[in-house]
Amino acid sequence: MAHQCSCGDSHNNIDQGAQSSLYNKIDKENIECLNECEEGSGVFVFKPLEDKLDRNKYVESDVDNELLFNIPFTGNVKLKGLIIIGGEDDLHPNKVKLYKNRQGMTFDDVGTEPEQELELHVDPHGVHEYPLKVVKFSSVQHLSLYFTGSPGSDKIRIYYIQLKGEWTPGHQQGVVICNYELHPQMSDHPKDHEDIDRAIS
């Protein structure tokens, strides 16, 4: 069934890109959401595809109309698309800025140049996918999303965020410890010592 969103286009409600969802590649235990009204609610908006229309879990801003997400991944991501379901009327976010690999961002950092900025449309069914500049979002280990509301709004609310793209495992760099024996000690090789004595005698 097709749905109309405020971008003016008609979209199919069936998400053909389910396989490209990065839901299982997000390190959800370490997601940080700044200015959330209820502590820990920011992680609720990252839901399985089948739960995207669930309105029981959401995040709402606290003291004003902005939210900042710091999202780590479990590997390297090539980010290709973004789907947002926001609140109704004045609660809907107006814009989002995307920042690549800037861990620990705060509101003091959001004035810096983002990799991309998007104007958001009201999309209650989550069918409008915002295409991202893939050349700027390759090899992403961490993504920050800074949402703001329309001028004059007091709060914003988000029900669902879907990130789409490709994932590859991160490179693990271990430390190899090697012990080199520069001067062999006979006491470290008792068996070899006995064999040499036997051979001489």
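We number each residue from 1, following the sequence as shown.
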(message) For Tyr160 and Leu49: C-alpha separation, side-chain torsions, deciding distance, then whether side chain to side chain contact (heavy atoms under 4.5 Å, CB included) applies.
(response) CA-CA 10 Å; Tyr160 179 71; Leu49 184 60; 3.8 Å; yes
(request) Quick one: do Gln162 and Tyr23 satisfy side chain to side chain contact (heavy atoms under 4.5 Å, CB included)? Show the steps, please. (result) CA-CA 7 Å; Gln162 183 184 15; Tyr23 169 74; over 6 Å; no
(request) Could you go through the side chain to side chain contact (heavy atoms under 4.5 Å, CB included) check for Cys33 and Leu67 one step at a time? (result) CA-CA 7 Å; Cys33 182; Leu67 286 166; 4.0 Å; yes
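The distance from the NZ atom of Lys155 to the CZ atom of Arg157 is 9.5 Å, given to the nearest 0.5 Å. Interatomic distance, Ile71 CD1 to Lys28 NZ, rounded to the nearest 0.5 Å: 11.0 Å.
The hydrophobic cluster of Val134 has no other members, since no ILVMFWY side-chain heavy atom comes under 4.5 Å of it. Hydrophobic clustering, defined by side-chain heavy atoms of Ile, Leu, Val, Met, Phe, Trp and Tyr closer than 4.5 Å, groups Leu34 together with Leu68, Tyr99, Met105, Phe107, Val110, Tyr146.
For the residue pair Ser41 and Val59, the shortest heavy atom distance occurs at OG-CG2, 3.5 Å. Residues Ser138 and Lys100 approach most closely at O-NZ, 2.8 Å, considering heavy atoms. The shortest heavy-atom contact between Ser61 and Cys37 is O-CB, 3.7 Å. In terms of heavy-atom proximity, Phe44 sits nearest to Tyr58 at CD1-O, 4.0 Å. Closest approach of Ser139 to Asn101, counting heavy atoms only: O-ND2, 3.2 Å.
Linking Ile, Leu, Val, Met, Phe, Trp and Tyr whenever their side-chain heavy atoms come within less than 4.5 Å puts Phe46 and Leu22 in one cluster.
Atom CD of Glu50 sits in a crowded spot, with more than 12 heavy atoms from other residues, nucleotides or ligands closer than 6.0 Å. Around atom CD of Glu117, more than 12 heavy atoms belonging to other residues, nucleotides or ligands sit under 6.0 Å away.
With sequence neighbours excluded, the residues satisfying side-chain contact (heavy atoms from CB on, under 4.5 Å) with Asn65 are Ser153, Ile156. Looking at residues two or more places apart in sequence or on another chain, you find no salt bridge (Lys or Arg N to Asp or Glu O under 4.0 Å) involving Glu66. Arg102 is linked by a salt bridge (Lys or Arg N to Asp or Glu O under 4.0 Å) to Glu115, counting only residues two or more places apart in sequence or in another chain. In this structure, Phe137 has no ring-ring contact (aromatic ring centres under 6.0 Å, His included) partners at least two apart in sequence or on a different chain. Listed by chain and residue number, Asp27, Asn30, Ile31, His142 satisfy the side-chain contact (heavy atoms from CB on, under 4.5 Å) test with Pro72 (two or more places apart in sequence, or in another chain). Asn56 meets the side-chain hydrogen bond (donor to acceptor under 3.5 Å, both in side chains) test with Asp54; sequence neighbours excluded. Every residue two or more places apart in sequence or in another chain that forms a side-chain hydrogen bond (donor to acceptor under 3.5 Å, both in side chains) with Thr74 is listed here: Trp167.
Listed for the Lys52 side chain is a donor-acceptor partner under 3.5 Å among the backbone atoms of Gly126.
Among residues at least two apart or in separate chains, there is no salt bridge (charged side-chain N to carboxylate O under 4.0 Å, His left out) pair with a member in residues 130-139. Sorted by first and then second residue, the salt bridge (charged side-chain N to carboxylate O under 4.0 Å, His left out) pairs involving residues 34-48 (not counting sequence neighbours) form an empty list.
Here the side chains of Tyr130 and Leu98 are not in contact, with every heavy-atom distance at 4.5 Å or above.
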Please list, one pair per line, the donor and acceptor atoms closer than 3.5 Å that link side chains of residues 78-95 to other protein atoms, with sequence neighbours excluded.
{"from": "Lys80", "atom 1": "NZ", "to": "Glu166", "atom 2": "OE2", "distance (Å)": "2.5"}
{"from": "His92", "atom 1": "NE2", "to": "His121", "atom 2": "O", "distance (Å)": "3.3"}

